[in-house]
Amino acid sequence: MPQDIEGAVQISTDAAPERSERCRIRVRGVVQGVGFRPFVFRLAQQLDLAGWVRNDGEGVEMEVQGAPGNLSALMARLTKEVPPQARIDAIEREACPSQAQDRGFTIRPSEGGAVTTAIGHDSTVCPDCLDELFDPANRRWRYALINCTHCGPRYTLTGRLPYDRANTSMAGFAQCETCQDEYEAPTHRRFHAEPNACPDCGPQLSLLQADGVRVASHDPVADALLHLLTGHIVAIKGVGGFNLVCDARNPEAVERLRSRKARGDKPFAVMVASVASARSYARVSAEEAELLDAPERPIVLLDKHSDADMHLWGVAPDLDQIGIMLPNSPLHYLLFHDEAGRPIGTDWLDEAQPMALVMTSANPGGEPLVIDNDEALSRLSGIAELYLMHDRDVLVRCDDSVARLSQGAPSFIRRARGYTPTAIRLAHKGPPTLAFGSYLKNTVCLTRGDEAFLSPHVGDLSNPATCTAMDATVEHLMTVLACRPEWVACDRHPDVYATQAAHRYADAHDLPLIAVQHHHAHIGAVLAEHGVDEPVLGLALDGVGLGNDGTAWGGELLRVDGAQCDRLGHLQPLALPGGDRAAREPWRMAASALHVMGLSEHIAERFGHLRGADRIGALLDAGTRCPPTTSMGRWFDAAAGLLGVCDVMHYEGEAAMRLESLANAYGPALALPGGWQIDRANTLDLMPTLHALRDTRDAHRGAAVFHATLIAALEAWVIATARSEGLRTVALGGGCFLNRLLTEGLSRRLSVRGLTVLRARQAPTNDGGLALGQAWVAIQTAMA
Ligand SMILES: [Zn+2]
Ligand SMILES: [Zn+2]
Ligand SMILES: [Zn+2]
């Protein structure tokens, strides 16, 4: 940057060089492990400033001395030219006495102290490192753990703050002389890059057979690739844990992985080399390309090309979208590089590369993601046929994030690797609050001041291992944020592990505990991220959550005013014949609907081939083992069951996802006139629609009409309630809003009618964002 230097000289000449001022500057935000000190060092050199900079528990601190104009220039450039991964939340400057002897500028060792700073997030290989990775003349050519201050792992290898090598899983690797020189050279891209490593001194790859015996391989990447291309399942160590990987173009391998993971028809995500390669399988808009290519590297849900299933048979069956991600570690890049014939440079990434790899989380039996090498050998035995790993430990488990673009902006289905621990900013500071989240898709949330930190995805608390992982996540979050809660929040459901853990924690530390109704929390999560304080109308469309009356809610119209939540309306309850089973078997919900229509005799006729169909009519007549629910999700299931789209689900949300795919394939449809009723108690009943669709043979048309009518019904319901309550803002929350057709259609219609529509953007709209909402409600209660 020669112009900058000239500019600096110019300023110092103008500003009477004999006069020198000194000030102390404190920078808060994501400023550690992101190349911030080298950035300050370079600025100080260019601006002819003396002094020092260091990391401490509160972020970055510096003292700088020089011409007043240059100090001002430094302040301006600190905020304007921040390194790519840094985020400045606050800069404070105070004058201090000049030190006549101070000449040079130094980077001082880190100070400990009270930690209130944030660690950076994991990000994929930066362009500079990518150039080196594919340059045969570079000493890091094809080195699978290349990184620098602008890229690489952060959160997943950091045990505690401050972010120094000694506090990371690189602590055991002494740098060679060359690496040490880079690390100490203030102008080098690897200056204080804590995970800095090279083939001589850093972690090494290894290849292991299924039985754990090490393969004598000179080139583990090439050998692993060969196995992948010949149909084997390889467990590959990623940034936040292991993935199970196979060739997505090999139907037999995909099927074998599916059956070994006991995954039913649940869609797999695939990894391809580049945006150009993704375009071979799916439509990718400019915004979607940006999201795919973002350093955080989420899995992005994209609209499949019509022939995608021919090439990727069985990867995402019966769905119109497919999850695609680009390489998020150098090791991933090397597999594609090898397959492409080891080209020099990065131009090959601009062309479509044919290889597509299924990349699925290595979490057998719904248990937590495998992160440890030995653990991989035991827990993935019987699934993986080969292991490609290295000896840099993953300290913090972090699944792949899943996002999609909706109405021009990203929204999350799962928020984990790359995005944790980026804070969600709240409107106000509040007491530190720890929220324990939900049973399904558990995450926990800890707030500190006006920042809310949502943990990575923990998973469904259906097994002891995941419950233990949740406990560990709580501990790690408190450690890495150096924050102890003053308030505790949880769901109202007493039988859920998260709720019990919250009670235990509150009791043990003598803290107040707030139990937040599930759908209040869903709306709270949306209000938290949008910083809304005023009363709003909340539309919660969800799977299930315990209601205030002890029944299962999930289609709720709420008035939310901070800690206060009133139920203004709900969906007509449906009976769940057989209890929880009905939530997994849409045919039971269809039977429940037929019973309401007075058509019980059709149940056996339609579903006679399914177990329990002969008894379900009697069950419904007697009303035994038929708890009612207002869940929107079960209405979707009933529609899917009646249309013959899905009798029994193999994964959560399958019926609704397939229904949405069919509706998208059909295209626009008109709402059924008279397709719903709203009674005087403000209960919305969609039974007229199901009645009309019950004998529809065209499932595509049926699905499209169901969506169109649902949107029209919700529009009428919300508008009427907003008017009578005098509310101008509606917040949409709950798992059903993962349905893009519903969310976008309804948002548009409500906006046109003059309402401000708020949706979940930074946190998932499903239960993965629930902890944020719980924390927000607890803070509102604490501050009230
Ligand atoms: Zn880099
Ligand atoms: Zn080295
Ligand atoms: Zn929910």
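This structure is a prediction, so every number in the text was calculated from the model and none was measured. Sequence positions, counted from 1, serve as the residue numbers for this chain. Just follow the structure's listing: the first ligand is 1, and inside any ligand the first atom is 1.
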**Q** Closest N/O/S atom of H522 to the Zn ion (ligand 3), by atom name?
**A** NE2

**Q** Mind listing the protein N/O/S atoms less than 2.8 Å away from the Zn ion (ligand 2)? Waters don't count.
**A**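 The answer is C176 SG, C179 SG, C198 SG, C201 SG.
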
**Q** Between E744 and R404, is the closest basic N to carboxylate O distance under 4.0 Å?
**A**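 Salt bridge: no.
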
**Q** How large, to 10°, is the angle at the Zn ion (ligand 3) when you draw lines to OD1 on D767 and to NE2 on H518?
**A**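 For OD1 of D767 and NE2 of H518, the angle centred on the Zn ion (ligand 3) reads 100°.
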
**Q** Evaluate whether atom CG of D219 has more than 12 neighbouring non-hydrogen atoms of other residues, nucleotides or ligands under 6.0 angstrom away.
**A** yes

**Q** Do V239 and C398 have side chains that approach each other closer than 4.5 Å (heavy atoms only, starting at C-beta)?
**A**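 No, every pair of side-chain atoms sits at 4.5 Å or beyond.
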
**Q** Can you check whether P203 reaches M170 side chain to side chain, under 4.5 Å on heavy atoms?
**A**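 The answer is yes; the side chains approach within 4.5 Å.
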
**Q** Quick check for you: with the Zn ion (ligand 1) as the vertex, what angle do SG of C126 and SG of C129 span, to 10°?
**A**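 With the Zn ion (ligand 1) as the vertex, SG (C126) and SG (C129) sit 110° apart.
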
**Q** Quick one: which of Q517, H520, H518 gives a side-chain contact (heavy atoms from CB on, under 4.5 Å) with N548?
**A**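 When Q517, H520, H518 are each tested with N548, the side-chain contact (heavy atoms from CB on, under 4.5 Å) holds only for Q517.
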
**Q** What atom name does the N, O or S atom of D542 nearest to the Zn ion (ligand 3) carry?
**A** OD2

**Q** Could you tell me how the ring of W348 sits relative to the ring of F134: parallel (under 30°), tilted (30 to 60°) or perpendicular (over 60°)?
**A** perpendicular

**Q** Using the rule side-chain contact (heavy atoms from CB on, under 4.5 Å), only one of D164, N167, T149, L157 pairs with E194; which is it?
**A**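 The single option meeting the side-chain contact (heavy atoms from CB on, under 4.5 Å) with E194 is D164.
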
**Q** Any ion pair linking R140 and E182 (charged N to carboxylate O, less than 4.0 Å)?
**A** yes

**Q** The Zn ion (ligand 3) and H519: any N/O/S contact shorter than 2.8 Å?
**A**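 So H519 does not bind the Zn ion (ligand 3) by this criterion.
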
